[in-house]
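In what follows, a structure is listed as structure tokens, so that the remarks can point back to it.
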Amino acid sequence: MTSRSLLRLALAGAVTSGAVMLATLPADASKAARTVPLRLLALNDFHGNLEPPTGSSGRMIDEHGHTVEAGGAAYIATHMKALADTNTIAVAQGDLIGATPLISAAYHDEPSIEFMDKLGLKVAAVGNHEFDEGYAELRRIMDGGCHPVDGCSPAGEWKGAKFDYVGANVLFKNPNEKTDALAALGAQQTQVKKLLSDWGVPALPPVSVKWMNGVPIGFIGLVTQTTPSIVTSEGIKDLKFVDEVKAANVASKILKLVGVEAQVVLVHEGDQVTAGQSPDACSAVPGLGNRIATQVDPEIDMVLSGHSHQAYLCKVKDPAGTDRLYSQGGSFGRVITQVDLNVDLRTQDIDRASVVADNHVVTRTVTPDTEISEFVKTWKDRVAPVANKAVGTITTDITNTAAPSGESALGNLIADGQLAATKTGGNAQIALMNPGGVRASLTYAGSPVGEGDGVVTYGEAFTVQPFNNLMQVVTLTGAQLKTLLEQQFTGGPNNQAFTKILQPSANFTYTYSQSAPWGSKVSDMKIDGVPVTDAQSIRVAANNFLVGGGDAFLAFRDGTDLWSGPLDIDAFVEQLGTNNPIAPPATNRITVVS
Ligand SMILES: [Zn+2]
């Protein structure tokens, strides 16, 4: 939190209490007069999508079951302005930055943070991606200053986020580390430090308190404790990410200690949903997010979540058996979660029965906000030279045109890069790339830099791999891998509409029969020339779209030991810079028989 919020907390705490407030009310005050309204507007997993996200990342199922185009900063701004009233606090559940498109990534995501400030965001939980460039860089984003290597952005010296980043379960490993995370607590800092003495040294402010209608509202930040396994270790080597529930309960005690009864958890962890459901449905399959939502202290009134990029509104039971909201709003700025509630002025606490939530799809049928449109255009113009940076060379066109086997040269090249990028860390043995995710071809002549010399620019690479998908690795058995490959073909139980041949890394070969019935088309799978057995465990790399069961590849969902690694674009750029100039890989990894 900033000093602003807690200073105000300290002052107000000295002059008011629930009892004082009650005594000032007339004896016959109506119930309405004893409560004040509060509206929360929440975003999660924005991932720097200042421009409207494209492809599947830019589509969302709305409340009527229709698939609509959604997201984009200027549209978010229009929707936020329409939804915000004088009782509104805007909050977020992490991954606002990291794994972002070039327009934001090229400037270490300062444009995305500035956009959040322009939206009026007040508090955000850190997500795992806030640590993508390390803890020191996150602190720079929070506190200001120019980037230590790349210097200031074209907008000048970075002033720091105006909103508060919070993360109660992020602690320093060293128990003697000096922390400034509690500085904003002012006079109450000593008491809080005592409370934390056998807990740990916070690396980030655990809570932020915002005032609305004379009542302090406490926000507790949490980030998935799996962060160390999905973030580059070097940047977080001094930190530990501890159990979210335990940390939330400690943070809740801190809030109690400073007199805050209305308590909201913003957590960057969530659950999967049943496909095709309304964003307002509770179709979340109980998992890591549900554990947190049901187990944190009953003092906590609601749990707004993120990380899994799903939309859901659930009512769960807290440990005392009382209903508690558990929500998430998709990703990439496609959904704003609105939570309306009343706060009881006597108890200063949230009236749980009054909580109403609604997931609004950020449609693009509204007029985009003028100021934000200009803001985005400015950054788009600035990034143009970055887009023109050379990242590799090719000998001739490398296209996404499918060969008879279904492979494309570019798809195979991408798969090879994905395997190379996930071997270390993810222990990947093979990689599979969805053909629909190869969005454009690389052409020898098409480069804007040195026309006709085979140079591939970053912008061209980004056009091929624009989704900022994460590379992931899961363990499948040989039998599950065969099922996955059968799911490439139409006629199976998951209604694959078209045959979609996954692009395999060079070391994975197999045969499929065009005439064999569905379920027995695939045979002769080999990894590095060695036949695959049904019982064998195989580490399979793919982007998070596929691993989540995208394109009806449901067998990926049976994968275990999920590991998340770099962005797919980063894996691709790395591959483009290797063994230059690159010739198109052969499309002979799959053998087709009639
Ligand atoms: Zn995340």
Side-chain angles (χ1 to χ4, degrees), residues 42-49 53 57 71 91-101 104-105 109 112-113 116 121 123-135 137-138 141 165-170 204 220-233 235-236 239 241-244 247-248 265-273 284-285 287-293 303-312 326-335 337 425-426 467-474 543-548 550 562-570:
L43 277 170
N44 60 276
D45 297 85
F46 175 64
H47 286 293
N49 281 269
S57 299
V91 299
Q93 295 95 265
D95 281 8
L96 299 176
I97 58 173
T100 51
S104 183
D109 288 323
S112 292
I113 297 292
M116 289 295 152
L121 185 71
V123 194
V126 288
N128 52 294
H129 280 290
E130 265 76 11
F131 295 91
D132 278 355
E133 294 187 43
Y135 173 69
E137 170 64 6
L138 172 60
I141 286 293
Y165 261 126
V166 284
N169 64 328
V170 187
L204 293 170
I220 298 167
L222 300 170
V223 57
T224 174
Q225 62 176 310
T226 67
T227 296
S229 64
I230 50 180
V231 166
T232 312
S233 56
I236 54 164
L239 306 179
F241 294 78
V242 301
D243 179 72
E244 302 95 344
V265 157
L266 306 174
V267 57
H268 190 75
E269 179 63 276
D271 290 328
Q272 299 300 318
V273 298
V285 181
L288 296 176
N290 184 274
R291 181 189 79 95
I292 298 163
V303 175
L304 312 186
S305 74
H307 188 52
S308 57
H309 293 199
Q310 310 292 336
Y312 48 79
Y326 168 47
S327 70
Q328 189 177 161
S331 61
F332 308 136
R334 292 176 294 176
V335 174
T337 304
F467 296 129
N468 284 286
N469 282 321
L470 275 183
M471 287 313 304
Q472 298 188 315
V473 182
V474 288
N543 62 43
N544 60 306
F545 168 72
L546 276 180
V547 170
L562 175 73
W563 177 86
S564 293
L567 291 180
D568 54 2
I569 177 64
D570 292 345

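Numbers here are sequence positions counted from 1. When a ligand or atom number is given, it counts from 1 through the structure's own listing order. Everything quoted here is computed from the prediction, not taken from an experiment. Just so you know, these numbers use all the heavy atoms, side chains as well, and skip hydrogens, waters and symmetry mates.
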Polar contact flag, side-chain donor to acceptor under 3.5 angstrom, S112-S104: yes
Name of whichever N/O/S atom of H307 is nearest to the Zn ion (ligand 1): ND1
Presence of N, O or S from S308 under 2.8 Å of the Zn ion (ligand 1): no
Aromatic plane relationship, Y312 with Y326 - under 30° parallel, 30 to 60° tilted, over 60° perpendicular: tilted
Steps toward salt bridge (Lys or Arg N to Asp or Glu O under 4.0 Å) verdict (E244, R291): CA-CA 10 Å; E244 302 95 344; R291 181 189 79 95; 3.0 Å; yes
Donor + acceptor pair across side chains of N128, H268 (<3.5 Å): yes
Name, closest N/O/S atom of D95 to the Zn ion (ligand 1): OD2
Atom nearest to the Zn ion (ligand 1) - H268, N, O or S atoms considered: NE2
